[in-house]
*Asks:* 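Before I ask anything, let me first share the structure, which is written out below as structure tokens.
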There are 2 protein chains.
Amino acid sequence: MSKVQSLNMRLTATEENYLKAIFKLSEENGNPTATTNAIAAEMNTAAASVTDMLRRLSEKDLIHYEKYKGVHLKEQGRKVATMLLRKHRLWEYFLVEKLKFEWDEVHDIAEELEHVRSEELINRLDNYLGQPRFDPHGDPIPNADGTIPTRQLTPLSTLKTGQHGVLTGLQEHPDSLMRYLKKVNISIGTKIQVLELHEFDESVSVRIDDERDIELSEKVSKNLLLKI
Amino acid sequence: MSKVQSLNMRLTATEENYLKAIFKLSEENGNPTATTNAIAAEMNTAAASVTDMLRRLSEKDLIHYEKYKGVHLKEQGRKVATMLLRKHRLWEYFLVEKLKFEWDEVHDIAEELEHVRSEELINRLDNYLGQPRFDPHGDPIPNADGTIPTRQLTPLSTLKTGQHGVLTGLQEHPDSLMRYLKKVNISIGTKIQVLELHEFDESVSVRIDDERDIELSEKVSKNLLLKI
DNA sequence: ACATATTTTTAGATTAATCTAAAAATATTT
DNA sequence: AAATATTTTTAGATTAATCTAAAAATATGT
């Protein structure tokens with residue numbers, strides 16, 4: 001019998017969002033646990049509200065929680081979180097590829113769409129889209145069984161002069177970064193070569209697609225993940 | 001200045017559902033007002049909950065409500081209700097035409113999708129689908145300005161022997177009716193001709209697409225709307 | 001038109017999700 | 001290790017949406 005059974009309890013969108021936040025803060029960032037304050041910051045709520053929610057998620061056996069000791073997902077909670085990621089990223093793919101939204105316009109809409117409850121819907125959508133493995137921001141789309149495709153990507157900021165790679169993912173992607181990248185005409189698939197490193201502010205001169213040169217700040221170069 | 005301005009208050013999904021119910025019970029059914037009990041039945045809630053909600057919707061100026069006198073939509077409320085219908089029906093069209101769902105499987109999913117808040121999304125979806133005027137059940141899809149295409153349709157139950165028409169809409173469409181129609185292979189576009197009327201139970205013998213004959217009960221024949 | 005039935009509203013609780021302020025636990029610094 | 005700072009939890013309120021039970025208003029029937 002499979003260890004991964006389909007969840008038979010109804011969660012509210014809020015509960016789902018907390019699980020997503022915990023996933024991001026622990027597993028995705030490689031930390032053992034997520035702390036109350038970190039979750040509060042991620043969710044834009046008061047710490048007291050987080051404590052309350054942790055108690056409830058713990059009662060539902062979705063997370064492991066001990067007072068003052070932080071929190072991490074149990075198997076069921078992890079399943080919920082990865083399914084949300086799957087739904088979010090498939091919807092983003094749909095919005096960009098089919099409805100022709102720009103990649104900096106889709107996050108908030110996908111944030112609502114991901115809470116629509118139907119396994120059938122998401123699997124049909126997946127097929128309709130041709131089972132894409134990465135979303136428009138280069139983020140991996142979890143499979144129906146919860147596994148997440150992994151890749152070996154290198155931040156632009158760690159390359160030496162002369163090295164190059166293809167932009168394949170982003171570390172974080174606030175809309176502000178994506179609007180910036182759109183303005184300087186860089187997107188997933190763009191070739192980037194390091195021309196010069198500037199020690200003073202850690203900025204870097206790069207050649208884009210072998211045809212034009214620009215300057216990127218440290219903050220930007222840390223966010224660009226390349227396939228070497 | 002246009003009388004129809006875009007709504008700047010955030011409504012909850014529940015508030016939206018009440019407005020939809022009031023629209024259905026008053027305007028769509030041609031009644032001047034909707035009553036508390038009728039809304040309670042439509043929403044599957046206690047009458048007391050309805051009274052409470054009517055007070056709040058009235059405070060927001062979305063409905064006209066006087067105690068014990070029933071309720072009807074004001075302009076803003078009507079706008080919200082028709083936009084929900086527009087969203088619901090466009091999503092149903094998407095689910096059936098693009099994701100290949102059956103017409104008896106889409107209602108509940110569309111019920112969730114219709115609450116996703118984005119005008120841009122729904123207008124892009126409309127264009128992507130080719131601006132359809134009717135959904136998979138034959139219901140008219142309201143336009144972006146709130147107007148609703150009308151047609152002159154005749155219930156099968158009012159036809160005389162020998163008359164025929166094309167199935168173009170349904171009076172009501174519970175999933176049970178749609179599963180039945182699927183089973184007997186009748187759908188929007190099917191030609192139906194009256195062969196014989198049975199006075200006793202108001203059932204009717206009909207010829208389908210000029211090639212096979214079946215019996216339809218009174219309840220079914222009242223629900224089938226034909227273009228003569 | 002009065003008694004009875006039905007409908008609607010009010011009163012008082014409950015649950016989920018949130019808040020602020022205060023208390024308790026844990027971590028840091030000198 | 002004591003004092004101080006930070007983090008987390010508890011206590012107590014609030015809002016939206018719901019309920020049941022009782023009261024009030026309206027409608028119906030003889």
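Note on naming: letters A, B, ... go to the chains in the order of the sequence lines (proteins, then strands), and numbering restarts at 1 for each one.
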*Asks:* In terms of the nearest nucleotide of DNA chain D, which residue is placed more toward the 5' end: A:Tyr65 or B:Lys69?
*Replies:*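 Nearer the 5' end of the strand: A:Tyr65.
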*Asks:* For C:dT10, take OP1 and OP2 only and decide whether either is under 4.0 Å from a side-chain N or O of B:Lys67.
*Replies:* yes
*Asks:* For a quick check under 3.5 Å, do B:His173 and B:Asn223 share a side-chain donor-acceptor pair by atom type?
*Replies:*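 Their side chains do not contain a donor-acceptor pair, so the 3.5 Å distance test is not met.
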*Asks:* Roughly, in whole Å, what's the span from OH in A:Tyr68 to P in C:dA25?
*Replies:*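 Rounded to whole Å, this separation is 6 Å.
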*Asks:* Measure from NZ or CZ of B:Lys98 to the centre of the six-membered ring of B:Tyr128, then state whether that distance is under 6.0 Å and the direction lies within 45° of the axis.
*Replies:*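 Yes - B:Lys98 lies over the ring of B:Tyr128, closer than 6.0 Å to its centre and within 45° of its axis.
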*Asks:* Quick check on the 6.0 Å ring-centre criterion: do A:Phe94 and B:Phe94 meet it?
*Replies:*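 Ring centres of B:Phe94 and A:Phe94 closer than 6.0 Å.
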*Asks:* Which pairs with one or both residues in residues 27-41 of chain A pass salt bridge (charged side-chain N to carboxylate O under 4.0 Å, His left out), sequence neighbours excluded?
*Replies:*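 Matches after skipping sequence neighbours: A:Glu27-A:Arg78, A:Glu28-A:Arg89.
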*Asks:* Assess A:Arg124 against B:Phe101: is NZ or CZ under 6.0 Å from the centre of the six-membered ring, and within 45 degrees of the ring's axis?
*Replies:*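 Checked: cation-pi criterion met.
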*Asks:* Have B:His198 and B:Glu215 got a donor and an acceptor in their side chains that come within less than 3.5 Å?
*Replies:*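 Short answer, yes.
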*Asks:* Whole angstroms only, please: what is the CD-P distance between B:Glu66 and C:dT9?
*Replies:* 11 Å
*Asks:* For C:dT9, does either OP1 or OP2 sit under 4.0 Å from a side-chain N or O belonging to B:Thr36?
*Replies:* yes
*Asks:* Under 4.0 Å between a side-chain N or O of A:Asn37 and OP1 or OP2 of D:dT8?
*Replies:* yes
*Asks:* Roughly how far, to the nearest 0.5 Å, is the CE atom of B:Met43 from the CD1 atom of B:Ile22?
*Replies:* 9.0 Å
*Asks:* Determine whether the aromatic ring centres of A:His107 and A:His88 lie less than 6.0 Å apart.
*Replies:*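 Centroid separation for A:His107 and A:His88: below 6.0 Å.
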*Asks:* Find the distance B:Arg55:CZ to C:dT10:P and express it as a whole number of Å.
*Replies:*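 Answer to the nearest Å: 8 Å.
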*Asks:* Using a 4.0 Å cut-off on protein heavy atoms (strictly under), produce a 5'-to-3' string for nucleotides 15-22 of chain C with B for base contact, S for backbone-only sugar-phosphate contact, and - for none.
*Replies:* -SSBBB--
*Asks:* Which helical stems does DNA chain C take part in, if a stem means at least 3 consecutive Watson-Crick or G-U pairs with both distances below 3.5 Å?
*Replies:*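 Result, WC/G-U stems under 3.5 Å: C:1-30 with D:1-30.
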